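We count ligands from 1, going down the list as the structure has it; atoms in each ligand are counted the same way. Note that the structure is predicted; figures quoted are calculated from it, not measured.
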Amino acid sequence: MTLKIDHVTIRQLKMRMKSPFVTSFGSVQDKQFLIVEVKDANGLTGYGEGVAFEVPWYTEETMKTSWHLLEDFLIPMVLHKEIGHPSEVSTIFHSIRRNNMAKAAIETAMWDLYAKQNKIPLATALGGMRKAVEVGVSIGIQPTTAKLYEKIDHALKEGYKRIKVKIKPGLDISLIRAIRERYPEVPLMADANSCYTLENLPLLKALDQYNLLMIEQPLAADDILEHAKLQKQIKTPICLDESICSYDDAKTAIELESCGVINIKYARVGGLTEAKRIHNLCEENNIKVWCGGMLEAGVGRAHAVALTTLSNFVLPGDTAGSSHYWEEDIIEPKVEVKEGLINIPHEPGIGYRINFSALDRYTVKQHQYS
Ligand code: OSB
Ligand code: MG
């Protein structure tokens, strides 16, 4: 059996989140993203999610650049081709620079299809052994401290295993202090989404007193060197997110000792194959990893959850359940978090069915390539 694709469909979806998600770089509520379907000659289908936002504030990609890359370059590279294994797809895409979220959208769909062809769960296809994965939650910037407490209370009641909050200049020390006053022991971390520079060293040092699990991406996305300088001067482990877009970035960060932890997002690195390579490299070098999120709907979440079954995902991920963000998800059953755990589905592929009635309702545009 080979991964020979006869049809690819790209859909653009628009889904309203329960509440706006606010970070140091902007706010999202009506989330637009892509769903890619690949179909083989037997009519079996695989699904991937194109998670780039409409605005290029997290990385340089957007939903529209993803569509362009898929249509004009990536789909023609795989359509009607005999591909032996999904791990070859990232090599096939090698001549296309970056555009990792566009690549991941179709690469993950090929992984799903491969697992379905072989009647095994995606987690098994990837080599994952866990039966359940631990989950934390990422809480965006809130209008008031009362609202933030409310969100944290709710997340703890739902059983999430750690709380991550977004910080930004002017809402950092005071925010973390306020959280620690009310929750002295909660496993807590802060994500800066690149909003500081080394000039903020005193502030970043001051955060050391609050017993944070880690501080995520304090400095610029392309500043692996400056993160190394910072890590030498603060006790809180640095976790890199935006800085790690490839295996080579991870290698550089490890060699320079820029971080103690890496947040792996398969979409940011071009797919599941590259995510697994980075995971393995980190494991060999005693760098802990956890699985990040991109406010995905169910398809993207399912891929993240499968990836998290690999052995070095030793910290709770950002893969909150479907109901955390969405009234109704595009998969069935929805991703469920119980006591901070997501059970790994046993069905082939991503292990969740597409809810086509929801998928159709949220689709604003689609095109098939054959
Ligand atoms: O920095 O991890 C981030 C969401 C969008 C873009 C970047 C990030 C995030 C999150 C939320 O923190 C993760 C999630 O719940 O999907
Ligand atoms: Mg982050």
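Looking at Arg162 and Asp318, a side-chain N of the basic residue comes within less than 4.0 Å of a carboxylate O on the acidic one, giving a salt bridge. By the 4.0 Å N-to-carboxylate-O rule, Lys166 lies close enough to Asp191 to be salt-bridged with it. A salt bridge links Asp30 to Arg16: at least one charged side-chain nitrogen sits closer than 4.0 Å to a carboxylate oxygen.
In this structure the side chain of Thr273 never reaches within 4.5 angstrom of the side chain of Pro86, judged on heavy atoms.
Contacts of His324 with ligand 1, taken as heavy-atom pairs under 4.0 Å, are absent altogether. At a heavy-atom cutoff of 4.0 Å, ligand 1 is contacted by no atom of Thr319, backbone or side chain. Contacts with ligand 1 closer than 4.0 Å are made by no heavy atom of Val137, backbone or side chain. If you look at Asp191 next to ligand 1, the close heavy atoms, those under 4.0 Å, all belong to the side chain. Proximity of Arg301 to ligand 1, defined as any heavy-atom pair under 4.0 Å, is confined to the side chain (atoms from C-beta onward).
For atom 16 (O) of ligand 1, the nearest non-hydrogen atom of the protein is Leu295 N, 2.8 Å. Among protein heavy atoms, atom 1 (O) of ligand 1 sits closest to Asn193 ND2, 2.8 Å. Looking only at heavy atoms of the protein, atom 14 (C) of ligand 1 is closest to Tyr325 OH, 3.4 Å. Of all protein heavy atoms, the one lying nearest to atom 7 (C) of ligand 1 is Lys265 NZ, 3.4 Å. In this structure, the protein non-hydrogen atom closest to atom 13 (C) of ligand 1 is Gly293 O, 3.5 Å.
Classified by interplanar angle (parallel below 30°, tilted 30° to 60°, perpendicular above 60°), the ring pair Tyr58/Phe25 is tilted. Classification of the Trp326-Phe33 ring pair by plane angle, with boundaries at 30° and 60°, yields tilted.
If you number the atoms of ligand 1 from 1 as listed, the ones under 4.0 Å from a heavy atom of Ser138 come out as 10 (C), 11 (C), 12 (O). Every atom of ligand 1 with a heavy atom of Phe53 under 4.0 Å away is listed here by number and element: 5 (C), 6 (C). Each of the following atoms of ligand 1 lies closer than 4.0 Å to a heavy atom of Tyr58: 7 (C).
Considering every non-hydrogen atom in both His80 and Ser370, the closest pair reads NE2-C, 3.5 Å. Taking all atoms of both residues into account, the shortest heavy-atom contact from Glu49 to Thr108 is N-OG1, 4.1 Å.
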Side-chain donor-acceptor pairs under 3.5 Å in residues 342-352, sequence neighbours left out?
none

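For the pair Lys116 and Trp111, the cation-pi criterion (under 6.0 Å, within 45° of the ring axis) is not fulfilled. The side-chain tip of Arg180 does not point at the ring of Tyr210 from less than 6.0 angstrom away and within 45° of straight on.
Residue Asp241 has at least one N or O atom closer than 3.5 Å to an N or O atom of ligand 1.
Every heavy atom of Gln217 sits 4.0 Å or more from the atoms of ligand 1.
For atom 9 (C) of ligand 1, the nearest non-hydrogen atom from the set Lys166, Arg268, Met294, Lys164 comes from Lys166.
Annotation: ring-ring contact (aromatic ring centres under 6.0 Å, His included) contacts of His367 (sequence neighbours excluded): Tyr369. With sequence neighbours excluded, no residue forms a salt bridge (charged side-chain N to carboxylate O under 4.0 Å, His left out) with Glu158.
Near the Mg ion (ligand 2), less than 2.8 Å away, sit the protein N, O or S atoms Asp191 OD2, Glu216 OE2, Asp241 OD2.
A donor-acceptor contact closer than 3.5 angstrom links the side chains of Ser357 and Arg361.
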